[in-house]
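Excluded from the calculations below are hydrogen atoms, water molecules and symmetry mates; all remaining heavy atoms, backbone and side chain alike, are included. When a ligand or atom number is given, it counts from 1 through the structure's own listing order. Note that this is a predicted model, so its numbers are computed, not measured.
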Amino acid sequence: MDLESLVRKNIRQLKPYSCARDEFQGKASVYLDANESPYNQPYNRYPDPHQIKLKEKLSDLKEVPVDGIFVGNGSDEAIDLLYRIFCEPEVDNVVAIEPTYGMYKVCADINNVAYRTAPLNEDFDIDAYRIMDVTNQNTKIIWLCSPNNPTGNFLKVAEIIKLLKWFRGLVVVDEAYIDFAEKESMTRFLPIFSNLVVLQTFSKAWASAGVRMGMAFASSEIIDLFNKVKYPYNVNILSQQYVLDMIEKREEVTDWVSRTISERSKFMRVLKKVSVVKEVYPSDANFILVKMDDANYVYNELVERGVVVRNRSNIVLCDDCLRITVGSREENAEFLKELSQIR
Ligand SMILES: *Cc1c(COP(=O)(O)O)cnc(C)c1O
């Protein structure tokens with residue numbers, strides 16, 4: 001892959017904003033360079049624009065070099081930046097599997113970039129040939145999501161590897177749900193494939209959706225481009241400190257994940273016995289895709305009973321499907337009680 005030719009011309013030529021913290025990086029006793037207030041410490045100071053302390057911790061945790069990490073305001077920031085860095089509006093296109101997470105298309109539309117789709121197989125897995133078939137010389141990104149939202153399955157690694165070998169643009173693998181999968185992250189392939197970008201988030205397994213913290217892992221050359229284009233202070237000090245604290249508590253997070261995984265199998269076993277349920281698909285995530293006899297009817301009945309799930313029934317390959325998040329034991333029991341009363 002030739003990264004240089006993949007990047008939009010205006011971004012290649014961009015001279016990034018140089019903030020006070022970029023121009024002086026040593027230790028000083030008096031800081032009068034950023035027009036900050038001397039009052040209300042520590043909130044008076046701008047945050048570290050490169051989030052070094054946080055990235056050092058993440059580097060240990062994820063076994064990825066510090067200069068191969070981007071952190072942003074949710075994964076959504078990384079998704080949007082990938083369009084802004086690589087996709088020329090009205091010229092370039094991206095290819096995504098279908099069905100998948102809705103943000104890839106919304107960001108394509110916002111950035112005025114054509115969005116092409118390659119349907120998943122009947123078993124919700126990918127076929128590298130089928131995806132390559134949809135690409136052309138203007139395709140910059142292939143969007144994969146593994147485990148995929150809303151189908152819940154972990155995608156075949158061998159097929160992803162084929163795409164990494166064949167495709168001359170970026171292959172992005174969104175691993176928002178990887179911690180629930182009991183499978184290895186694609187980050188282990190980062191040293192081998194320079195066109196791989198892996199996305200992860202603190203929103204799901206880390207139980208911190210309200211904090212808005214996402215990560216991208218890629219080559220240092222790609223991360224340099226993220227750094228060039230992102231807002232200088234894209235992650236505030238409260239969020240940086242919060243995530244540092246969460247990393248210290250990671251054993252508790254591991255415990256939450258195992259509880260969710262064991263609740264998931266129990267939840268699936270019971271769901272299979274409910275009369276309005278037609279099929280329960282396997283899940284490597286913290287949600288379960290379920291085919292109903294009549295999803296719209298079941299969805300409305302559940303809402304009437306104060307229970308809300310995601311209606312995915314109008315989505316390709318998901319006819320009559322509801323996506324149900326695995327909650328606490330009590331929430332799941334309440335859901336199953338209401339569902340079993342629907343006739
Ligand atoms: C929930 C989810 C995310 C998380 O996005 P954040 O902006 O980090 O909250 C990313 N990708 C997929 C596929 C998701 O389902």
| Shortest non-hydrogen contact from Leu54 to Leu244? | CA-CD2, 3.8 Å
| message | Please classify the Ala176 to ligand 1 contact at 4.0 Å (heavy-atom distances, strictly less than): side chain, backbone, both or neither. | response | side chain
| Heavy-atom pair with the smallest gap, counting every atom of Pro150 and Phe287 | O-CE1, 3.4 Å
| query | Any chance the side chains of Asp174 and Asn149 put a donor and an acceptor closer than 3.5 Å? | reply | no
| query | Is it the side chain, the backbone, both or neither of Met103 that has a heavy atom closer than 4.0 Å to ligand 1? | reply | neither
| For ligand 1, is there an atom lying under 4.0 Å from some heavy atom of Cys145? | yes
| query | Got an N/O contact under 3.5 Å between Asn149 and ligand 1? | reply | yes
| said: Any donor-acceptor pair under 3.5 Å linking the side-chain atoms of Asn236 with those of Ser239? | reply: yes
| request: On the 0 to 90° scale, with breaks at 30° and 60°, tag the Trp166-Tyr129 ring pair as parallel, tilted or perpendicular. | output: tilted
| Taking C-beta and beyond as the side chain, do Pro232 and Arg21 meet within less than 4.5 Å on heavy atoms? | no
| query | Salt bridge or not for Arg212 and Asp76, using N-O below 4.0 Å? | reply | yes
| Looking at atom 11 (N) of ligand 1, what's its closest protein heavy atom, distance included? | Asp174 OD2, 2.7 Å
| said: For ligand 1 and Arg212, I'd like to know whether there is a polar contact (N/O to N/O, distance under 3.5 Å). | reply: yes
| If you measure from atom 8 (O) of ligand 1 to every heavy atom of Val211, Thr201, Thr100, which option wins on shortest distance? | Thr201
| query | Should the heavy atoms of other residues, nucleotides or ligands under 6.0 Å from OH of Tyr17 be counted, would the total exceed 12? | reply | no
| said: If you count heavy atoms of other groups shown closer than 6.0 angstrom to CZ of Arg168, is the number above 12? | reply: no
| request: Heavy-atom contacts with Ser203 under 4.0 Å: which atoms of ligand 1 show up? List them by number with element. | output: 6 (P), 8 (O), 9 (O)
| task | Can you sort out which atoms of ligand 1 are near Asp76, meaning under 4.0 Å from one of its heavy atoms? | result | 5 (O), 7 (O)
| message | At under 4.0 Å between heavy atoms, is it the side chain or the backbone of Glu77 that contacts ligand 1, or both, or neither? | response | neither
| said: Taking a cutoff of less than 4.0 Å between a non-hydrogen atom of the residue and any ligand atom, is Phe202 in contact with ligand 1? | reply: no
| message | For atom 5 (O) of ligand 1, what is the closest protein heavy atom, and at what distance to 0.1 Å? | response | Ser75 OG, 3.5 Å
| query | Of the protein's non-hydrogen atoms, which lies at the shortest distance from atom 15 (O) of ligand 1, and what is that distance? | reply | Tyr177 OH, 2.6 Å
| task | Tell me which protein heavy atom sits closest to atom 3 (C) of ligand 1, plus the residue, atom name and distance to 0.1 Å. | result | Lys204 NZ, 3.4 Å
